[in-house]
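The structure appears below as structure tokens.
None of these values were measured; they are calculated from a predicted model. Reminder, nothing fancy here: chain letters follow the sequence lines and each chain counts from 1.
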Amino acid sequence: MSRYNPREAEPRWQSVWADQGVDHAAREATDRPKYYVLEMFPYPSGKIHVGHSRNYAMGDVVARYKRAKGFDVLHPMGWDAFGLPAENAARERNVHPRDWTLKNIEVMRGQLKRLGLALDWDREIATCEPDYYKHQQAIFLKFLEKGLVERRKAKVNWDPVDNTVLANEQVIDGKGWRSGAPVVQRELDQWFLKITDYADSLLDGLDQLDRWPDKVRLMQANWIGRSRGAHVTFPFADPADRDRFGCEGITVFTTRPDTLFGASFLALASDHAITTALAADDPLIGKFARDCAASGTTAEEIEKAPKKGIDLDVKVLHPFDPDWELPVWSANFVLSSYGTGAIFGSPAGDQRDLEFSRKYDLPVTPVVLPPGADAATHSIDDEAWTGPGTIYNSRFLDGLSTEAAIERAIQELEKRKLGHGATNYRLRDWLVSRQRYWGCPIPVIHCDSCGAVPVPEDQLPVELPRDVTFDTPGNPLDRHEGWRHVDCPKCGQPAKRETDTLDTFVCSSWYFLRFASPWPEDKPFDPAEAQRWMPVDQYVGGIEHAILHLLYARFFTRALHDCGLIDLPSGEPFAGLFTQGMVTHETYKSETGKWLAPTEVEDRDGQLIEIETGRPVTVGAIEKMSKSKKNVVDLDDFIDTYGADAARWFVLSDSPPERDVEYTDGGVDGVWRFVQRLWSVVDGFEGTSGGDMNGVSPEGLELRKTAHRTVRDVTEAIEGFRFNSAVAKVHDFVNALRKFLPANEADKAAQGESLRLLTQLISPFMPHLAEACWERLGQDGIVAAAAWPEADPALLIDNTVILAVQVNGKRRGEIELPKGADRDMAEKAALDDPGVARSLEGLNVRKVIVVPDRIVNIVAG
RNA sequence: GCGGACGUGGCGGAACUGGUAUACGCAACAGACUUAAAAUCUGUCGCCCGUAAGGGAUUGAGGGUUCAAAUCCCUCCGUCCGCACCA
């Protein structure tokens, strides 16, 4: 008997798979059903650590399992290769972003191959290659043609560290998603994709995504933030204001037109057009607006900021009563980016309006009577009633329910031409301009006389120039005179290229389509092939993309469908989504406060020591493996020591896939032991597979039953994404096999069957070890090409079952009965059980509940 | 503040539609092999009382529904996540 040596076995099996081409998806439709499994493709940042491998291991289990189940599986891999780290590397290490990126891809491809993933490498793509981004530019122009792209001046989020703008989704807690720097507002001319055109579709489509986590659907729904209400216009009281501000009145968005009779003021955002106009002449208003702009945008600052405002000395008329004048204020709690940037204050029904009214002594008229309240006594003190109720103090709305009053008020507004029902969204258009070099160039030329002119399609791709420098801040494309200056394609006059590049989230919004047919040079993908493979049946990735990437991709497939590039009526790219948890590891800090990698730390007599200095180490929190905290375990190091299978098995053990799993040396040792134990139980087998199982001993039959139960359980666990349960079931099965001693030849045949089934069950998880076992057992071909085993139903049925017997809900004994035994039989057996009889002493049996084949509960007193 | 998820031994966790709670793994302890250690193997192992047989309490806390609750309902506590003055 020998030990299993992954260093020798793993490369050997990988070349067998490559030679046989088992991992390639069919290039043309087959009679097998298709299955598209995809892990979110990585950014080539350098090296893969054990933490990253979990995502790929999960996808690979699904891919290998589905293949064994007879599906034609598409399981591709590529590189999300544009992005800022390449430019930072260029700046810090004087290496060209492209060279840096390609080298990282080289390294990481090698690592993924060492993991033994069943990937179709023929379909590999890198988004930084012109043969990829040229299609992206064509798509951009198609969107432009369709009116889905807009260039406009807008207040945008500027990340002062990354020196670029960010989309709304990319600002987390007021900070840039990558840099973590507080973003500031800037007014700039920028490119937008009109994702808001699809707000309803993106929201309503969530209902069909029944194989997505509810959590992600909810997050997207909240992000889109649809709310129904009305636009209401309050006409200016002084007709002169119409000319002064160039409009009839002030339009607000409200979800509660039923509370219009409780209005006591209007409030505008500090940067509303009217506020800005007035600020030009009135220093006090100007100061107020500047103060608001300067106040913090972080969560806490907003929370603590008291309501404040300034009376603009403008009057408007109530839409339902031309004799009713309302004052117009500017207030710090009104957002210019939501609705119309103006509200009407109805203090009895809104907490913010109430606080504002109390501070500035504005009237508070309750108009909604909460259920059960008395109109004569109900009053509002310091808490607004925001719930539903009966409308009062409201003339023609009196007596109506909130819901009916909303309808009625909208009708009346429409009649008076002062408003209409309206839907508002929290979702903003997707800002895709980035002031960076290492991204997909936006294929547009700016001409003084023709404006923004699309680059003609036959001139695509607009390639990034290679000769750029990063020694000065800013976008090198802006400084590249040779690249920048071109003639206008329309009029031939000298013009300038757009120097902004596209947000890298654009690249990842359609790569899954390119994977379906990465070959055409004249189009982004072959529509028939894309249609054959789409949607992705199982997508696997991190929860951090719950909104960003997943929302953008859903928008893209809709837009591509509407542009006629793909026939995908649902618009949904990912039918099934799984968001996996991270791999975590302890963090270590040296005495000098420096992060230390696990390899720089050593355990000496229970004390952790920095190897280099011999000084003690502080153990910090257990956190997600990340380069910045240095708490990573390098994948190559791991594979060198334990092999790829151990890495795969480890990251799938112990924790449910959606939760984090902690990396511990103890856990790794356990996996290594298990790999060897499993090998030894196969290697120690002395019979031959496929023998006659007639005359099997009772123990042999029990083993067979365990084997077939395990087949059933592991299959169900894989289907349900419960890989940790599958691991536990395989452990059980190996324990049973280790205890088993064959009594005769039939037993050996049964043992051989069990070992073969075991090999097949582990093959999606530990494919190399499985091949070694398959070979050792003398099976034909390779296990990677074998069909998934089916459990024999006859062996899943037990002739006898053990029932627990409870007395008053407490377990007092157990009885063994033939399967399907009736109530009388079960009751009698239960009452005869000595333990049960003992606990029934002195009690009268009142009732016996029998659930056949499950439990007996005796109620006594 | 709003919305959501979760809470089970020393630790990670299992328990499918309410039906034997603590599977499996880690750690720990004892033993075998060994000059010794590592590795490996065997056994014990949630808590309390008891030498034991056996008994008792137990799934964050409290209450409820039920013959029966980790699982369903209510209240509270705690942890994590998302959104955050969204009119």
- Message: Just to be sure I understand the rule, does A/R428 reach a base, reach only the sugar-phosphate, or reach nothing, if contact means heavy atoms closer than 4.0 Å?
- Response: nothing
- Task: Taking atom C1' in both B/G10 and B/U20, compute the distance separating them and give it to the nearest angstrom.
- Result: 25 Å
- A/K729 bridged to A/D732 by N-O distance under 4.0 Å: no
- So, A/K828 and A/D832, do they make that salt bridge, N to O below 4.0 Å? yes
- Item | Cation over ring face, A/K307 and A/F333, 6.0 Å, 45° | yes
- Take atom C1' in B/A70 and the same atom in B/A32, then report the distance between them in whole Å. 40 Å
- Message: Taking any heavy-atom pair under 4.0 Å as a contact, classify A/S655: base, sugar-phosphate, or nothing.
- Response: sugar-phosphate
- Looking only at heavy atoms, which two atoms of A/F344 and A/A263 are closest? And how far apart? CD1-CB, 3.7 Å
- Describe the nucleic acid contact of A/K739 in one word from base, sugar-phosphate, nothing, applying a heavy-atom distance below 4.0 Å. nothing
- Residue pair A/K175 / A/V183: nearest heavy atoms and the distance that separates them: C-CG1, 4.0 Å
- Please report, rounded to the nearest Å, how far the P atom of B/C80 is from the NZ atom of A/K215. 13 Å
- Grab the CZ-C1' distance between A/F650 and B/G13 for me, whole Å please. 13 Å
- Message: Distance alone, cut at 3.5 Å: any donor-acceptor contact between the side chains of A/E623 and A/T587?
- Response: no
- Task: Would you kindly compare A/R812 and A/D660 by the position of their nearest RNA chain B nucleotide and give the one closer to the 5′ end?
- Result: A/D660
- With both distances kept under 3.5 Å, what pairs with B/C83, Watson-Crick or G-U wobble? B/G1
- B/G18 - base-pair partner by Watson-Crick or wobble geometry, distances under 3.5 Å: none
- With syn defined as a glycosidic angle within 90° of 0 and anti as everything else, classify B/G46. anti
- Task: For A/L218, answer base if it contacts any base atom (sugar-phosphate contacts may also be present), sugar-phosphate if it contacts only those atoms, and nothing otherwise; contact means non-hydrogen atoms under 4.0 Å.
- Result: sugar-phosphate
- Query: In the strands shown, is B/G31 matched to any nucleotide by a Watson-Crick or G-U wobble pair with both distances under 3.5 Å, and which?
  - Reply: B/C41
- Select base, sugar-phosphate, or nothing to describe what A/R217 touches, counting heavy atoms under 4.0 Å on all strands. nothing
- How is A/S346 classified with respect to the nucleic acid when contacts are heavy atoms under 4.0 Å: base, sugar-phosphate, or nothing? nothing
- For atom CG of A/D350 and atom P of B/A87, their distance in whole Å: 9 Å
- Message: When both hydrogen-bonding distances must be under 3.5 Å and the geometry is Watson-Crick or G-U wobble, what is B/C26 paired with, if anything?
- Response: B/G10
- Item | Atom-pair distance (CD1 on A/I547; C1' on B/C81), nearest Å | 11 Å
- Just by protein heavy atoms under 4.0 Å, how would nucleotides 19-28 of chain B read 5' to 3' in B, S and -? BB--BSSSS-
- Message: Any strand counts, and the cut-off is 3.5 Å on both contacts for Watson-Crick or G-U wobble. Which nucleotide pairs with B/A69?
- Response: none
- Task: Using a 4.0 Å heavy-atom cut-off across all strands, classify A/R738 as base, sugar-phosphate, or nothing.
- Result: sugar-phosphate
- Task: Run the salt-bridge test on A/D271 and A/K155 with the 4.0 Å N-O cut-off and return the result as yes or no.
- Result: yes
- Item | Spacing between A/R722 atom CZ and B/A14 atom C1', to the nearest angstrom | 11 Å
